[in-house]
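All chains are named by letter (A, B, ...) in the order of the sequence lines, taking the proteins before the strands, and each is independently numbered beginning at 1.
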Amino acid sequence: MDISVIGASGGCGREVVTRLVSEGVLGRRELLQLVGGNPLSNRPCYLHGLRADLQDAYAENIPEVDVTDSADDIVGDIVVMAAGTTFPTDAGKAGNLRSRDDLARANTALFEHFAAAVARNRKGNPPLVVVLSNPVELGVHVFSQYLDRDYVIGMGAFSDSQRFRWEIASQLGLSRQRVHASMAGEHGLGMVPLWSTVRIHGLQNSELAATIARLRDGLTLSDFSTRLAAEHAAVMEEMMADAVNGPVRALARIARLPPDLRVALKPFPVHYSQAKTISATATATVELVKALCEGRAVEVCAQYAHRGEQGIHGPIGNRLILEGAVRRVVPGDDLSDEELRLLRECGERCNNKIQEWVHGRCV
Amino acid sequence: MADVCDLHVLAIGLEDRPGAVHSVAEVFSGRGLQMEAFHGTAGSLDADGHAQALILFHASDERADFVTRVLRRLSSVSQAELLGLDDTRLIQSVLVRTEESHSGEGIRCVDLGGGVSLAAATPMAMQLWLASGHAPQRLGAVRIDLLREERDRI
């Protein structure tokens with residue numbers, strides 16, 4: 001399969017590209033396309049240099065690497081959208097609430113530019129678009145306006161689910177491979193932990209239930225969003241008070257919380273420590289791309305433009321069956337009524353927010 | 001298949017180095033496209049020093065266009081142009097048994113001696129002639145070439 005990475009010069013895009021090459025995801029005759037196209041870039045030659053560096057480093061198994069600045073040249077069977085503005089990493093400015101709206105409005109134009117180009121040239125043969133850029137729900141929404149929605153997914157919920165598995169596993173002293181869990185909903189403070197999906201290898205029935213209850217530490221799903229908002233405020237206050245050491249103290253605070261809260265909160269101090277979440281995001285992306293390249297049917301939790309599945313409307317994270325494209329949403333008959341209700345509410349909130357970003361009107 | 005997939009001709013300018021043709025072939029095989037004919041000339045054999053390949057294949061117009069776009073992204077491909085069979089720059093030729101008469105509109109025959117002639121025509125005319133039943137016995141494969149003017153050199 002050929003893969004195009006839009007925004008390969010960014011931190012996350014470069015990491016994705018490097019991992020795709022170093023892990024031999026592509027054959028030597030397959031195409032890895034590095035797509036730039038930022039007219040405001042102050043380093044227009046970057047991708048050419050990156051290509052040369054990759055060829056030097058991974059000569060033994062380097063695929064065909066193409067560089068282009070034109071969205072109309074995108075030919076990948078899988079297109080990873082990693083371009084766009086990100087939040088600043090200055091913890092002192094972390095409380096600037098306007099930045100999320102500004103981020104969304106800036107990236108809307110970018111999403112539309114690339115979505116329109118891909119649709120223009122690939123209508124009958126669409127690639128699978130994997131959106132990394134934030135807000136990921138916005139990216140999935142925009143691309144789904146131009147392409148068949150079954151060919152557009154967002155990485156947010158996949159990354160969140162991987163983190164959820166890790167938080168549970170590490171607390172139990174297990175390897176992540178022994179834990180299955182899905183974190184759905186919005187990639188951010190609106191995520192919905194699907195505790196009903198948690199499976200821990202070696203634990204069944206009452207022992208599994210008791211372990212989960214211990215992990216949740218009394219935090220119910222109905223209290224989750226309120227508690228999350230409160231903890232988020234505390235974490236942000238910690239970081240804004242001390243831009244240098246605040247993120248470290250925030251991480252220590254978060255470490256004492258239940259796993260579901262840790263998933264939602266940890267990315268903030270990681271981002272504002274200036275390390276960002278590059279490794280986790282890139283690893284999750286490459287894992288998903290590998291599964292797609294192998295042609296296997298896989299179940300993933302990812303953002304998808306729901307249109308009524310499980311009563312959900314909106315581009316939120318949910319469990320999907322992928323076989324080259326989205327084949328179906330996993331039926332939610334193993335979820336609790338409350339989990340389903342929260343997913344539906346999340347979808348509605350997401351839709352309202354997207355309308356505000358895209359059309360500039362509050363709903 | 002024939003009624004949804006037209007026959008296309010791709011004229012490709014190649015970097016003259018080992019593996020260039022392999023890269024091109026992978027683009028086709030990776031997409032399940034059969035190359036009906038492949039005619040290639042290495043740069044060392046070409047007066048202009050450019051390696052060239054002509055590939056005939058069946059595909060829908062959209063798929064043919066996409067394959068052409070993919071080929072243009074390869075480092076070994078300097079140019080890729082998708083041609084229709086009615087393109088006047090294309091010439092098909094075939095070795096045939098020399099006969100006194102072999103009516104065929106647009107067909108030109110050159111006697112090579114030994115009872116062998118070279119027949120040449122546009123692809124459309126050649127296809128019609130070969131299918132008509134009036135063509136003499138074929139003594140070789142049907143080949144295709146692209147007429148190049150100085151300014152159109154690939």
Self-check item: Pairs flagged by side chain to side chain donor-acceptor pair (under 3.5 Å) wherever residues 286-301 of chain A is involved - sequence neighbours left out
Solution: A:E23-A:K290, A:Q162-A:E287, A:E294-A:R296
Quiz prompt | Qualifying residue for side chain to side chain contact (heavy atoms under 4.5 Å, CB included) with B:E26, from A:R28, A:E64, A:R29 | solution = A:R29
Quiz item: Which one, A:L31, A:N121, A:D77, leads in non-hydrogen pairs under 4.5 Å with chain B?
Solution: A:N121
Exercise. Search all heavy atoms of A:V75 against all heavy atoms of B:F66 and return the closest pair with its distance.
Key: O-CZ, 3.4 Å
Quiz prompt | Sidechain N-carboxylate O distance under 4.0 Å for A:D73, B:R69 | solution = no
Quiz item: Is the number of heavy atoms from other residues, nucleotides or ligands under 6.0 Å of B:R72 CZ greater than 12?
Solution: yes
Exercise. Check each atom of A:Q33 against the heavy atoms of chain B and say whether the ones under 4.5 Å are side chain, backbone, both or neither.
Key: side chain
Practice problem: Name the region of A:V67, side chain, backbone, both or neither, that has any atom closer than 4.5 Å to a heavy atom of chain B. | Solution: backbone
Quiz item: Should B:R31 and A:D2 count as an ion pair when the cut-off is N to O under 4.0 Å?
Solution: yes
Self-check item: Exceeds 12 heavy-atom contacts within 6.0 angstrom, atom CE of B:M124
Solution: no
Practice problem: Enumerate the residue pairs fulfilling ring pair (Phe, Tyr, Trp, His ring centres under 6.0 Å) with a member in residues 13-39 of chain B, sequence neighbours excluded, ordered by first and then second residue. | Solution: B:F28-B:F57
